[in-house]
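Nothing fancy with the numbering, it's 1 onward along the sequence. When a ligand or atom number is given, it counts from 1 through the structure's own listing order.
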Amino acid sequence: MDLSTEKKQKIGIMGGTFDPVHYGHLVTAEAVRAEFNLDKVLFIPAGKPPHKDNESITEPVHRYRMTVLAAATNPHFEVSRLELEKSRTTYTVDTIKELISLYGEATAFYFITGADAILEILTWHKAEELLSLCQFVAATRPGFNKQDLEQKILEIQSKYNRRIFSITVPSLAISSTDIRNRVRCGMPIKYLLPEGVEKYIQENGIYR
Ligand code: NAP
């Protein structure tokens, strides 16, 4: 498939568990949108991620609603239930294929996610096919050791002739794990995520 930037429409796909979504994710999405001149960014909360113990993830409905609340103030952001509606394990390759059939081949997709996840990309389901379907952007947190990522980028470039972009996002110092731990310990989460999401977590007793 032609991955060239000549495509008519460019859409960013923010893939993540978003448990919960926070300012680091929002800043990442906006930074990539600006950098690659994307028409919009579609947040796709992961349904049943292949590599995770699904028992320990917050119910899809809560993760979806929190993401909707977070994305509401940016006209370029949308949230999709595509993966959440599936009862089976969801693989990124299937999600991208579904998006290609929805939007047509004239749309270029940029899959944006954390660098830790991208480091494992060659172990993902149908990795080679996936790499041929869209561009990838790896977002790194401050302090992230980029050596492994750079090596992985070179490996993918030489084996599959595909380029993976990387972007350092200072606000990714915020992490979902830290937010969940803070709620559990009764510590404040204010200014780490949008107020609406903070309120939603409190009102629904999530992460207690
Ligand atoms: P994760 O292991 O929960 O997250 C890995 C790291 O990346 C964490 O530090 C996380 O920080 C960060 N991160 C996650 N999403 C991010 C985003 N959109 N922007 C910036 N940082 C992000 O990974 P995950 O969320 O489960 O998976 C990431 C995506 O890869 C999902 O869409 C998942 O479906 C896909 N995936 C697919 C396969 C497959 O098809 N076989 C396998 C693995 C992953 P926070 O905790 O703060 O978010």
Not counting sequence neighbours, which residues clear salt bridge (charged side-chain N to carboxylate O under 4.0 Å, His left out) with D178? List them please.
R182
Is there a side chain to side chain donor-acceptor pair (under 3.5 Å) between D19 and S176? Walk through the geometry before answering.
CA-CA 6 Å; D19 193 14; S176 300; over 6 Å; no
Against heavy atoms of [X], which atoms of ligand 1 measure under 4.0 Å?
{"X": "S175", "value": "47 (O)"}
{"X": "H125", "value": "41 (N)"}
{"X": "F111", "value": "32 (O)"}
{"X": "T92", "value": "34 (O), 35 (C), 36 (N), 37 (C), 40 (O)"}
{"X": "S176", "value": "45 (P), 46 (O), 47 (O), 48 (O)"}
{"X": "M14", "value": "17 (C), 18 (N), 19 (N)"}
{"X": "T17", "value": "3 (O), 24 (P), 25 (O), 26 (O)"}
{"X": "I112", "value": "18 (N)"}

Just to be sure I'm reading this right: ignoring hydrogens, which of [options] gets closest to [atom]? Compare them by their nearest heavy atoms.
{"atom": "atom 29 (C) of ligand 1", "options": "V21, D178, T113", "result": "T113"}
{"atom": "atom 11 (O) of ligand 1", "options": "R141, E120, H22, K48", "result": "R141"}
{"atom": "atom 20 (C) of ligand 1", "options": "A115, G114, A138", "result": "G114"}

For [Y], is there an ion pair with [X] - N to carboxylate O distance below 4.0 angstrom?
{"X": "E129", "Y": "K97", "result": "yes"}
{"X": "R162", "Y": "E128", "result": "no"}
{"X": "E30", "Y": "R33", "result": "yes"}

Would you mind checking which non-hydrogen protein atom is closest to [atom], with the distance to 0.1 Å?
{"atom": "atom 1 (P) of ligand 1", "answer": "K52 NZ, 3.6 Å"}
{"atom": "atom 23 (O) of ligand 1", "answer": "H51 NE2, 4.0 Å"}
{"atom": "atom 18 (N) of ligand 1", "answer": "G15 O, 3.0 Å"}
{"atom": "atom 38 (C) of ligand 1", "answer": "W124 CD2, 3.4 Å"}
{"atom": "atom 48 (O) of ligand 1", "answer": "H25 NE2, 2.7 Å"}

Do protein heavy atoms approach atom 4 (O) of ligand 1 to less than 4.0 Å?
no
For ligand 1 and T28, I'd like to know whether there is a polar contact (N/O to N/O, distance under 3.5 Å).
no
Less than 3.5 Å between some nitrogen or oxygen of L172 and one of ligand 1, yes or no?
no
F136 and W124 aromatic ring geometry - parallel, tilted or perpendicular at 30°/60° bounds:
perpendicular
When rounded to the nearest 0.5 Å, the distance separating CG of L69 from CD of E198 is 12.0 Å
Any idea which heavy atoms bring C134 and F109 closest together, and the distance?
CB-O, 3.2 Å
Heavy-atom pair with the smallest gap, counting every atom of T67 and V79
O-CG2, 3.7 Å
Aromatic ring proximity H62/Y200, centre distance under 6.0 Å:
yes
Looking only at the aromatic ring of each residue, does the gap between the centers of F165 and F36 stay below 6.0 angstrom?
yes
Would V61 and I57 show up in the same hydrophobic cluster when neighbours are defined by side-chain heavy atoms closer than 4.5 Å?
no
Using a 4.0 Å heavy-atom cut-off, say whether T95 meets ligand 1 through its side chain, its backbone, both or neither.
neither
